[in-house]
Amino acid sequence: MASLNVYSVLVVLFLTFGALMATKENDQIIKENNCETKMCLPCVLEAFTSIFETGSISNKCCGELVVLGKVCHSALLKRTLENPLFKDLTPTTIIAKSIQTWNNCLALIDSPSPSA
């Protein structure tokens, strides 16, 4: 239970501090790393659906997400959360789903494929 409280405090601190510098910093990270060109549109939509709605992400798109990298994934997520279209979403829920999607994809890509 204590770890849940620590996690909650860290998320709140992250959101508070992150909101102060997020827009300029995220745009710079996205531009410098060419984040918007590293995934095909169908995979971007799958990842978006798995994080912001209810959906799953295919193995192929998990591979593209992992190649995109954690830095780009985080910057794109933060920039999306800054968009007024998503103001009614709960950031802590979205961040948790984002972490879950990332970890699931990372585990899938890192796991050895079965031998033929």
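Quick caveat, the model's predicted, so the values are computed rather than measured.
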Atom pair CD1/OG1 of Ile51 and Thr93 - distance to nearest 0.5 Å: 13.0 Å

Could you list the donor-acceptor pairs under 3.5 angstrom formed by side chains in residues 101-108, with sequence neighbours left out?
| residue | atom | partner | partner atom | Å |
| --- | --- | --- | --- | --- |
| Thr101 | OG1 | Ser50 | OG | 3.4 |
| Thr101 | OG1 | Lys97 | O | 3.0 |
| Asn103 | ND2 | Ile99 | O | 3.4 |
| Asn104 | ND2 | Gln100 | O | 3.3 |

Considering all heavy atoms, the nearest Ala75-Ile29 contact: CB-CG2, 3.7 Å

Approximate separation, where rounding is to 0.5 Å, of Lys38 NZ and His73 NE2: 13.5 Å

Salt bridge (charged side-chain N to carboxylate O under 4.0 Å, His left out) contacts touching residues 57-74 (sequence neighbours left out): Lys60-Glu64

Leu45, Leu68, Val67 screened by side chain to side chain contact (heavy atoms under 4.5 Å, CB included) with Met39, the one that passes: Leu68

Separation of Gln28 CD from Glu32 CD (nearest 0.5 Å): 4.0 Å

Asn26 side chain near Leu76 side chain, heavy-atom distance below 4.5 Å: no

Side chain to side chain contact (heavy atoms under 4.5 Å, CB included) between Phe48 and Thr80, worked out: CA-CA 10 Å; Phe48 182 90; Thr80 303; 4.1 Å; yes

Ion pair Glu36/Arg79, N-O distance below 4.0 Å: yes

Asn83 side chain vs Leu85 backbone, donor-acceptor pair below 3.5 Å: yes

Validation row: Phe52, Leu81 side chains within 4.5 angstrom (heavy atoms): yes

Taking every non-hydrogen atom, the tightest pair across Asn59 and Ile109: O-CD1, 4.3 Å

